[in-house]
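First up is the structure itself, then whatever we jot down about it.
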Number of protein chains: 2
Amino acid sequence: MARAGLTADRVTLTGAELADEVGLDHVTMSAVARRLGVKDASLYAHVRNLEDLRGRIALLAADEKTIRIAEATAGRAGKDALVAYANAYRDYAHEHPGRYTATQIPMHIDPELLAQAPGPRRAIELTYSMLRAYRLDEPDLTDAVRMMRSMLHGFINLEAAGGFAHARPVEDSWARCLDALHTLLQNWHEHREGDPA
Amino acid sequence: MARAGLTADRVTLTGAELADEVGLDHVTMSAVARRLGVKDASLYAHVRNLEDLRGRIALLAADEKTIRIAEATAGRAGKDALVAYANAYRDYAHEHPGRYTATQIPMHIDPELLAQAPGPRRAIELTYSMLRAYRLDEPDLTDAVRMMRSMLHGFINLEAAGGFAHARPVEDSWARCLDALHTLLQNWHEHREGDPA
DNA sequence: AGTTTCTTCCTAATGACTCTAGGAAAGAGG
DNA sequence: CCTCTTTCCTAGAGTCATTAGGAAGAAACT
């Protein structure tokens, strides 16, 4: 019997490919095994169970996305960097819808596995260091990071879910939102609480 | 044999309760049937299949959420209305995590069913009419609506997914984001494209 | 009341999926 | 060549979704 040469990474990658093709919730152990030309049971030597596999796909996606963003923002600053960051984020989600979906499910990921993965930590560092160009101090910096992540994540999410039904092209709204985000970050310290409408 | 008195609405409601308790992806036909004291197959008289049930839960949630928002914003204007809107949105998501999850999956809902449900349409009307207080014209209005929805949706999503690990209290960041959103809407027309960092 | 008809719920069955346990065989190191 | 570990398989139990067809309650008609 020829060995298939399975590893946890190969199983994860196959799962990720499948997720992009048919959607994350059609990624089953059976389907992954089928694609690898292997019986279902064989996968359990490399991956604890389906949930674990999903977690690994999420981690893989986080790593890949972070690398993309790092490459895109390298050598840029200010609005340039912001736009590059946001577009890299969105492009990744478009190219890998299944992987992206995996990143946004409430993660009950194996903590040990998570500690090894550089993606999530790296992503946060990247974001903070990019926003530092806007000269924000804590706790403003954290608030700004959260706001930015919310906006990007939410936009991409709604777009993917078909939430933007209006005739206005999504591209245009996206560009406009980035403009707005930039100005917002520039003037972050100005709009403190208070001042009702 | 005592009849259980099933209807599509009762099945949907049971599914929604289950979703809030154990998470949307643990809502199975079997589980719903068990809770209703009925055999799995009986449900298929009222609901086409599992996907249809999920869609109905999503629609139910949309309706409920819209009603909450409408109540919260009634009689308010400007920033007051914005904050009420956002908090009603977020509170609903916190109280009904399963239902909320249902609203954000890529919906392939029965179009006929969707046409009957007032929720989604009503939600959009509400949002537009609230933002009209900021005196925006198309296409700015649509862009602003999209931005606002993205931010709220994204924030709540990340929060639910445990994406805010930093020490800074989420409540504070939330308040700050609403402040920022308000100022942003007030000055929307000012930050057009161009002006690099 | 008796009959018809519709709806509601059941039994039965199929096929897909997850996951466990125990065995065989391939490759590595001695 | 022998032993050990890893890799993969066979077998099997349990859950789930879904369909088909039947029985029993309810309501409407005679």
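Owing to the predicted nature of the structure, the values given are computational and were not obtained by experimental measurement. In the text below, chain A, chain B and the rest are named by the order of the sequence lines, each starting its count at 1.
D:dC16 atom C1' lies 14 Å from atom CG of B:Leu53, rounded to whole Å. In this structure, CG of B:Asp9 is placed 13 Å from P of C:dT8, rounded to the nearest angstrom. Across the protein-nucleic acid pair, A:Lys39 atom NZ and D:dC8 atom P stand 14 Å apart, rounded to whole Å.
Here B:Glu159 pairs with B:Arg90, B:His94, B:Phe155, B:Phe164, B:Val170 under the side-chain contact (heavy atoms from CB on, under 4.5 Å) rule; sequence neighbours left out. For B:Arg68, the side chain to side chain donor-acceptor pair (under 3.5 Å) partners are B:Glu95, not counting sequence neighbours. Annotation: side chain to side chain donor-acceptor pair (under 3.5 Å) contacts of A:Asp143 (sequence neighbours excluded): B:Arg168, B:Ser173. For A:Arg48, the salt bridge (Lys or Arg N to Asp or Glu O under 4.0 Å) partners are A:Asp110, not counting sequence neighbours. By the ring-ring contact (aromatic ring centres under 6.0 Å, His included) test, A:Tyr92 is found to be paired with A:His96, residues two or more places apart in sequence or in another chain being considered. Among residues two or more places apart in sequence or in another chain, the side-chain contact (heavy atoms from CB on, under 4.5 Å) test is passed with B:Val83 by B:Lys79, B:Asn87, B:Leu178. By the side-chain contact (heavy atoms from CB on, under 4.5 Å) test, A:Leu13 pairs with A:Glu17, A:Leu60, A:Arg99, sequence neighbours left out.
Using a 4.0 Å cut-off on heavy atoms, the residues of residues 40-52 of chain B that approach DNA chain D are B:Asp40, B:Ala41, B:Tyr44, B:Asn49, B:Leu50, listed by number. Less than 4.0 Å separates DNA chain C from no heavy atom of any residue of residues 13-35 of chain B.
The existence of a salt bridge linking B:Arg35 and B:Glu21 is confirmed by a sub-4.0 Å separation between a basic side-chain nitrogen and an acidic carboxylate oxygen.
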